[in-house]
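Below is one structure, written out as structure tokens, with a few remarks after it.
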Amino acid sequence: MVTLPRRNNATAQNVWLSRLQKQFPDLIPPAIAIGAFLVVWQLFTWIPGATLPGPIQVIQDTWILILYPFYDKGGIDKGLFWQVLASLQRVAIGYSLAAIIGITLGIALGMSQSLSKALDPMIQLFRTVPPLAWVPISLAALRQNEPAALFVIFITAIWPILINTAVGVKQIPQDYNNVAKVLQLSRKEYFINILIPAALPYIFTGLRIAIGLAWLAIIAAEIIMSGIVGIGFFIWDAYQNNNVSEIILALVYIGVIGLILDKCMLWLQSRILPEEQR
């Protein structure tokens, strides 16, 4: 009775070590690159006249923020965990709306050539507008920071989803459509069995691009919109107080979260799409 758990623990440990050994060669190059970057950065800060703090100084200045990311003193005085969480919640809402409307409208554009020609100039016009340019428009129209931030995320993320979905629908082979006509598939059966599976690789491409844009958009929106909890406003507040080390720490958080979001979308794509379509 006592030896079985020990054997199970030993087996689990061996499996974990074997996986780590297999992945170790892939971890060495990124580790070397990051280490070299930190060394060059630190050497650069020792040049006379340099004002940017080095990695050692950043850690010393932000040690409390690193150790206590969960503190909450009320208002906007919160740890980085709550700042990032607030931004992620806004991204989740705006991105979800963009995905629903973008995929739906993209399918409609892909299936209707006349609708595509009618809306294409407007789409090409709006998709080139930077996220920051939408901030004053959203504030003027919605009058509140929170809805305005959600709109900026939505309007930034919708275009790659919409365009890639429309392209995916247009790229469906004619043979598939001919088979659907021969089998006399209903509209519902055509959507489920032909259109969606064929367009999914394009849809996921749009979704992956959009999640990165949405994360960029919320940072830009929160920097401009004062008084809301979020990593963007945290950066702006640190800049106002001349806390450069806090800005650098926040940038690290932003980069890591952006990488995690992309990897999560890639993982979801690998679980849904067949291997030959990835």
Side-chain angles (χ1 to χ4, degrees), residues 13-73 76-88 90-91 130-132 156 205 208-224 229-270:
Q13 186 177 6
N14 292 335
V15 170
W16 183 83
L17 289 175
S18 64
R19 290 179 179 176
L20 183 61
Q21 290 173 353
K22 290 180 180 179
Q23 296 178 354
F24 187 72
D26 297 331
L27 297 176
I28 293 178
I32 294 176
I34 294 173
F37 170 75
L38 293 176
V39 171
V40 172
W41 176 15
Q42 185 64 53
L43 292 176
F44 175 79
T45 60
W46 288 339
I47 298 177
T51 57
L52 189 69
I56 297 175
Q57 185 66 41
V58 169
I59 294 175
Q60 292 175 344
D61 293 342
T62 62
W63 189 245
I64 298 299
L65 292 175
I66 296 173
L67 287 181
Y68 302 101
F70 301 102
Y71 82 87
D72 186 354
K73 296 183 179 179
I76 60 174
D77 190 8
K78 301 178 185 293
L80 280 171
F81 172 83
W82 303 112
Q83 304 282 358
V84 170
L85 182 62
S87 297
L88 285 175
R90 297 186 185 102
V91 169
L132 278 175
T156 304
T205 299
R208 285 189 65 189
I209 296 173
I211 192 66
L213 293 177
W215 185 235
L216 293 175
I218 187 58
I219 301 304
E222 288 176 350
I223 288 178
I224 300 299
V229 176
I231 190 67
F233 179 72
F234 177 87
I235 291 176
W236 179 249
D237 185 62
Y239 171 75
Q240 293 288 88
N241 293 289
N242 199 29
N243 294 325
V244 181
S245 295
E246 292 186 4
I247 297 175
I248 295 175
L249 178 64
L251 294 179
V252 173
Y253 268 77
I254 292 170
V256 171
I257 296 300
L259 178 62
I260 292 174
L261 290 175
D262 183 73
K263 293 300 182 183
C264 289
M265 189 58 64
L266 184 61
W267 175 85
L268 183 62
Q269 178 179 345
S270 67

> Which pairs pass salt bridge (charged side-chain N to carboxylate O under 4.0 Å, His left out) with one or both residues in residues 249-267, sequence neighbours excluded?
Replying inline: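 Found R208-D262.
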Whether the side chain of [X] engages the backbone of [Y] through a donor-acceptor N/O pair (distance < 3.5 Å, no angle test) should be reported.
X: W215; Y: I254; value: yes
X: S245; Y: D61; value: no
X: N241; Y: D237; value: yes
X: E246; Y: T62; value: no

>> Under the side chain to side chain contact (heavy atoms under 4.5 Å, CB included) test against P53, which residue among I248, N243, I59, I247 passes?
In response: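 Answer after filtering I248, N243, I59, I247: I248.
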>> Ignoring hydrogens, what is the shortest heavy-atom contact between E222 and V229? Give both atom names and the distance.
In response: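 For E222 versus V229, the nearest heavy atoms are OE2-O, 4.1 Å.
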> How would you list, by chain and number, every residue that makes a ring pair (Phe, Tyr, Trp, His ring centres under 6.0 Å) with Y68, sequence neighbours excluded?
Replying inline: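 Once residues adjacent in sequence are excluded, Y68 has no partner under the ring pair (Phe, Tyr, Trp, His ring centres under 6.0 Å) criterion.
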> OH of Y253 to CD of Q83: how many Å apart, nearest 0.5 Å?
Replying inline: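 Answer rounded to 0.5 Å: 10.5 Å.
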> Could you state the interatomic distance from CG (L132) to CD1 (I219), rounded to the nearest 0.5 Å?
Replying inline: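 Answer for the CG-CD1 pair, L132 versus I219, is 11.5 Å.
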> Is it true that atom OH of Y239 has more than 12 heavy atoms of other residues, nucleotides or ligands lying nearer than 6.0 Å?
Replying inline: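 No, not enclosed.
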>> In terms of relative ring orientation, are W82 and F70 parallel, tilted or perpendicular, with 30° and 60° separating the classes?
In response: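 The arrangement is perpendicular - the two ring planes meet at more than 60°.
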